[in-house]
Amino acid sequence: MKISEQWLREWVKLNADPQQISEQLTMAGLEVEGITPVKPKFSGVVTALVEKVEAHTDTEKLKICQISTGTGQQPIQVVCGADNVRTGLCVALAQVGAVLPGVEELKPVELHNVLSKGMLCSAAELGLSEKSIGIMELPADLPLGVQLADALALNDQIIELSLTPNRGDCLSVAGIARELSAINRQAFAAPVISRQTVKTNPVAKQHREIIIDDHAACPRYIGQIISGVDVSRISPLWLTERLRRCGLNSINAVVDVTNYVMLELGQPMHAYDNDKLNGTIRVRYAKLTEAFQPLDRSEDIKLSTDTLVIADDCEILAIAGIIGGRKSAVLAASKNIFLESAFFNPHVISGKARQNGLQTESSHRFERGVDFAIQQQAINRAAQLIIDICGGSFAPINEALANDALPMVQPIQLRYARIERLLGTTIPKAEVGNILTDLGMQISSNETGWMVSPPSFRFDIHIEADLIEEIVRIYGYNNIKTRLPKSNLRAYAEGKELHTQIKRMRTLLVARGFHEVISYSFVDEEIQQIFNPKITPIQLSNPIAPELSVMRSSLLPGLVKTMLYNQKRQQQKICLFEVGSIFMPDLKQYQGDMIAGIINKEIHKKQWDREYIFSDLFDLKGHVEALFELCNSSLDLSFGHCEHPALHPGKSAEIILNHQGIGFIGSVHPTVQRQLGLAGETFVFELSINNVYNENTVKYCEISKFPSLRRDISIVVAEDVPVATIIDIIEIAASPILYDLELFDLYQGEKLESGRKSLSFHLIFQRISSTLTDMDVDSVLTEVLNILKKETDGSLREE
Amino acid sequence: MDKELAKMIERAKAEIGAVCHINELEHLRINYLGKKGHLTERLKQLGKLPPAERPHLGKAVNHAKEIVQQAIQNRRQSLNEEHINAKLATEKLDVTLPGRGQDIGTLHLVTQTLERIESIFSRMGFEIAEGPEIEDDLHNFEALNIPAHHPARTMHDTFYIDEKMLLRTHTSSVQIRFMQEHSPPVRFIAPGKVYRCDSDTTHTPMFHQVEGLMIDEQVNFAQLKGLISEFLEYFFEKKLSIRFRPSYFPFTEPSAEVDIYNENNFLEVLGCGMVHPKVLENMNVDSEKYNGLAFGMGVERLAMLRHGIDDIRLFFENDLRFLDQFK
């Protein structure tokens, strides 16, 4: 919210300068975002009077004007092109030498052979508005020859506040002034608002009946008819200036007045063209099929049936507290108006503006709470201003009121001891009393502290803690001494091993050259479809962009996107992983952490002394196996057949732990690779992280004191026998004495029968209890070879 | 005889000196000192001499043996040295060639920052708690004193799944879940991803937060100030000018925004406050007996301040040229 410093000073006497005021407000919880001077950078501009206007002989567009800057002064000749220049108009004259926004020094010029010694300025040329039509028309009663900045009281600052939603009471000059009065302990001096002095005109037809259907929603509604107004009259400059400084445009005199009163007192008001109303004013809820056209729309909108509206006998006139309708809007031609000043319950208004996309100054205030005791004062103020500007006369006000539906002001017990307990500091009793009173609270002392009744404009004070917050806010957060929490040291109650384990897994991959990425949890549905065609993803009902519209059911769409992003930026080696949650359609079933990785074919660093090799699936598999080894679960790990729609059928595997599939690894299917635009062969893995982690505490195994024996054997088997089958057989058959096994060669080629391959292993044998003999090992090996022969038709390779 | 010995010594010395290879030296050793070596033979011949001459000559032969042995040993040492020196002279590497192996990767800066925050609070005795990212309205709003249509909801631009489920807008939702299973005293932080429909240089639709909660009998606002100051000074590794400014969160009261003074400006770094009595009640905590303090911070924001990053979107573009800077 923007507020004028000058206006504020009318309401509270302050010694502080704007900088200090802003500091005070910020430190009281009303954050000041900035202070901007009202006066744009101009000088040498004075008030002046157009004495004579003559047409230019050369061109119709220009007029030659004689401008007076006061009695006794020589008139100045200025050539002006504005349509609205006319004799008797009070204008802003930029004299020769003047500085304007974008003009360093104004010089005399000849326009079509006529000398112009100055310029008549528009508001836009002076930086006083974004755009303007014609030159500025100043009020006729301004003294002439005075600096414009003084004449318009531009020596003002705009204080811009960012208010928290609990402080609806501060959305007005009066509200901010109240706060400053409490902070500075200076009297809050509302300027005297003159009573309605014009005689009322008690004509029967000027009375409009008001009926409220739901008093809880609208406890008070005041209406007043003002007849015989001339809305075509222009709002006075002081009024439009104040509106402008607070960020509002001038619409017409009546609307300007209602806006002015809203800014001044915080009461949103609405004016209807009384001649467009039919019968009774009714505050009711919208009906199912009713149409309504808000004044800022060109089409009807539909309202939900819990939307409170103002209607007459025929139709909806306004959405209560939010916006008026187009049909009954006050226009320049309006002759009679019906003025509304009401209190709507915040609960009824809140959410409705957002729901209909109609957030207005009015809804902003009503949602947060408007002082429920101020409607009468506001309507008096507005009516008076309207008559002052537009003339006319008003009928008596008509108030519909349900007293018992007005918000209840409940006294709150404040315990003195509780203040210290919550804040950890002592604030003297007298000071507490002063702060509360200064904030407009009614207080009475009792045994433990005070009974406190908050004022009608505060909607955020219901309990003791609310009061303590008020006290400390004014007392000053900075005045509270800093202490450290007292400790009750406890070790962590629960195992956070998984957390530590994930940390180790990340570190391992980083040490192996992977970059961790974090991508959005919402992804492109199309890309996700490629990886998880069977899963209907969770849709966001309000995504920020179409390509971020579904929750990820795999980390791969994000990784692929990151791979593409970096490939487009000419990165060679790309080796990425991510740890994060995925989201399955049945949420109860799954919101779990996954770990996934992606590498391209160029992950090997070019070394100066060896030939370059492209990466393949086994590079990635090595990294994945390392994760299991790190978590002590590699013994139960195996890789099996995988059918993944996005992976190469011959170069992919399911990752199986303890007979349960927990993820997959593979080369991206060539079709998918092309479809996604990935450069070259790409390898991915993804697995459920919780499953990798082995909860069992490692138990020590005895180390043998006896020497080991080593044998190297080569087994020849058919090509399609998986290595894992051979290893399993050896491990089981040799288990009593086998200590370690390592595949060190794989050969397929001319030295072998076609369709066969040779696998060479180092086998290390050792016993815990005694030394092994060659005979022990030979007999085990014979057994191993027998089983291999039987189960795989494998045999020892002949040299 | 003595003369002969002296000659033999001379000859041996000359031959030893002339040897160029360690193998030849070994031959010489066998020639003179081996079982059938010249000097060994001499000793064997002692028995043929008259007993009176034996001691004298025995001594002389042994002396000669020692001299030859010593000469061989010296020569061996110098040959070894020559050999090593010759080897060293030929073996010279360009040590400026790069070492072999793979480059290391990087932990994402958010992970690094989270770990840093977690480590500071862990040392102060805070546990780490987690909760779901797709939340229900109850845990994200209602239980935190933000009923439907509360104007505070406009502070959170929420992503909705349906009428009930949403993407959590803060990790405060974890507070409620944690307290359903624990009772005071408690002290924990809840790190994690949060979501708001917003995107510009200072907002991304997803970011990370760390929320903290401490509930005990003697917890107060002065301690909250102390705890937060302690954290910030550890985090930024310097003395800071810290300002606690009154603010509003529906779930704390009093509430504060914390600003740090940096280059003539106050920068907002986190929000905190004393837990609202209604929220304590929603956690089944007796608000007469216990007080709570709570705080919440944006992880990216803290990382941006610490590392001088000016655009939050960099965190989620995952450009390797960005990631690689933070080893």
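Below, chain A is the first sequence line, B the second, and so on; all start at residue 1. Given the structure is predicted, the values throughout are model-derived calculations rather than measurements.
- For A:N566, the part lying under 4.5 angstrom from a heavy atom of chain B is the side chain only.
- Annotation: maximal heavy-atom pairing with chain A below 4.5 Å, among B:S199, B:P254, B:S287, occurs at B:P254.
- For the options A:L540, A:V472, A:T507, A:L422, heavy-atom pairs under 4.5 Å to chain B are most numerous at A:L422.
- Between B:T158 atom OG1 and A:N542 atom CG the span is 8.0 Å, to the nearest 0.5 Å.
- Counting only heavy atoms from C-beta outward, the side chains of A:E31 and B:E268 approach each other to under 4.5 Å.
- For the residue pair A:E578/B:H108, the side-chain donor-acceptor check at 3.5 Å is not satisfied.
- Between B:I134 and A:M551 the shortest heavy-atom distance is CD1-CG, 4.2 Å.
- Between chain B and the options A:G29, A:G424, A:P346, A:P485, the largest number of non-hydrogen pairs under 4.5 Å is found for A:P485.
- Looking at A:Y565, only its side chain comes within 4.5 Å of chain B, counting heavy atoms on both sides.
- For B:F221 and A:Y477, the distance between ring centers is under 6.0 angstrom.
- A distance of 9.0 Å separates OG1 in A:T26 from CG in B:D259, rounded to the nearest 0.5 Å.
- A 4.5 Å side-chain heavy-atom check between A:E420 and B:N220 finds every atom pair outside the cut-off.
- Residue contact with chain B, scored on non-hydrogen atoms closer than 4.5 Å, involves the backbone and the side chain of A:V517 alike.
- Taking the six-membered ring for Trp and thresholds of 30 and 60 degrees, B:F159 and A:F522 have ring planes inclined between 30 and 60 degrees apart.
- Highest contact tally toward chain A, considering only B:Q102, B:M124, B:K327, B:K278, is held by B:Q102 [criterion: heavy-atom pairs under 4.5 Å].
- B:D319 meets the side chain to side chain donor-acceptor pair (under 3.5 Å) test with B:R321; sequence neighbours excluded.
- Ion pair A:R421/B:E217 not flagged as a salt bridge, since none of the NZ, NE, NH1 or NH2 atoms sits closer than 4.0 Å to an Asp/Glu carboxylate oxygen.
- Contact detail for B:Q223 and A:L484: the closest heavy-atom pair is CG-O, 3.7 Å.
- For the atom pair B:F244 CZ and A:T482 OG1, the distance stands at 6.5 Å (nearest 0.5 Å).
- The CZ atom of B:F316 sits 9.5 Å away from atom OG of A:S519, with the distance rounded to the nearest 0.5 Å.
- Listed for the A:E469 side chain is no donor-acceptor partner under 3.5 Å among the backbone atoms of B:E253.
- In this structure, B:L167 CG and A:F583 CZ are separated by 7.5 Å, a value rounded to the nearest 0.5 Å.
- Between the side chain of B:N318 and the backbone N or O of A:I518 there is at least one donor-acceptor pair closer than 3.5 Å.
- The backbone N or O of B:L97 sits nowhere less than 3.5 Å from a side-chain atom of A:W608 that would complete a donor-acceptor pair.
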Begin with the C-alpha distance, continue with both residues' side-chain angles, and end with the deciding distance and a verdict on side chain to side chain contact (heavy atoms under 4.5 Å, CB included) for A:R418 and B:E288.
CA-CA 9 Å; A:R418 204 70 197 172; B:E288 281 295 302; 3.8 Å; yes
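- When each of B:R187, B:H276, B:E130, B:Q218 is checked for heavy-atom pairs under 4.5 Å with chain A, B:R187 comes out on top.
- Using a 4.5 Å cut-off between heavy atoms, A:K486 touches chain B through backbone and side chain atoms alike.
- In this structure, no portion of A:I468 lies under 4.5 Å from any heavy atom of chain B.
- Counting heavy-atom pairs closer than 4.5 Å to chain B, the top-ranked of the candidates A:K352, A:E464, A:R512, A:K503 is A:K503.
- Among the candidates B:T111, B:L109, B:V219, B:D324, the residue making the largest number of heavy-atom pairs closer than 4.5 Å to chain A is B:T111.
- Looking at A:D466, both its backbone and its side chain come within 4.5 Å of chain B, counting heavy atoms on both sides.
- Only the backbone of A:I603 comes within contact range of chain B, judged by heavy atoms closer than 4.5 Å.
- For A:A465, the parts sitting under 4.5 Å from any heavy atom of chain B are the backbone and the side chain alike.
- Comparing B:G101, B:A256, B:C197 by how many heavy-atom pairs each has under 4.5 Å with chain A, the most go to B:G101.
- A donor-acceptor pair under 3.5 Å is absent between the side-chain atoms of A:T164 and the main chain of B:S247, judged by distance alone.
- Other residues, nucleotides and ligands place more than 12 heavy atoms under 6.0 Å from the CZ atom of B:F266.
- Contacts of A:Q571 with chain B are made by side-chain atoms alone, with heavy-atom separations under 4.5 Å and no backbone atom involved.
- Proximity to chain A (any heavy atom under 4.5 Å) is restricted, for B:Y195, to the side chain, taken from C-beta onward.
- No more than 12 heavy-atom neighbours from other residues, nucleotides or ligands sit within 6.0 angstrom of NZ on B:K239.
- For A:T425, no part lies near chain B; criterion is any non-hydrogen pair under 4.5 Å.
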Applying side chain to side chain contact (heavy atoms under 4.5 Å, CB included), run through A:R506 and B:L107 and close with a yes or a no.
CA-CA 7 Å; A:R506 281 189 164 114; B:L107 275 183; 3.7 Å; yes
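- With rounding to the nearest 0.5 angstrom, the CD atom of B:E163 is 9.5 Å from the OG atom of A:S541.
- Counting heavy-atom pairs closer than 4.5 Å to chain A, the top residue among B:P246, B:G226, B:A222 is B:P246.
- Neither the backbone nor the side chain of A:H364 has a heavy atom closer than 4.5 Å to any heavy atom of chain B.
- Neither the backbone nor the side chain of A:K561 comes within contact range of chain B; no heavy atom of the residue lies under 4.5 Å from a heavy atom of that chain.
- The part of A:P543 that comes within reach of chain B is its backbone (N, CA, C, O), which places non-hydrogen atoms under 4.5 angstrom from that chain.
- Only the side chain of A:I463 has a heavy atom closer than 4.5 Å to any heavy atom of chain B.
- With chain B as the partner, the residue from A:L30, A:N166, A:D609 showing the most heavy-atom pairs under 4.5 Å is A:N166.
- With a 4.5 Å cut-off on non-hydrogen atoms, B:E257 does not touch chain A at all.
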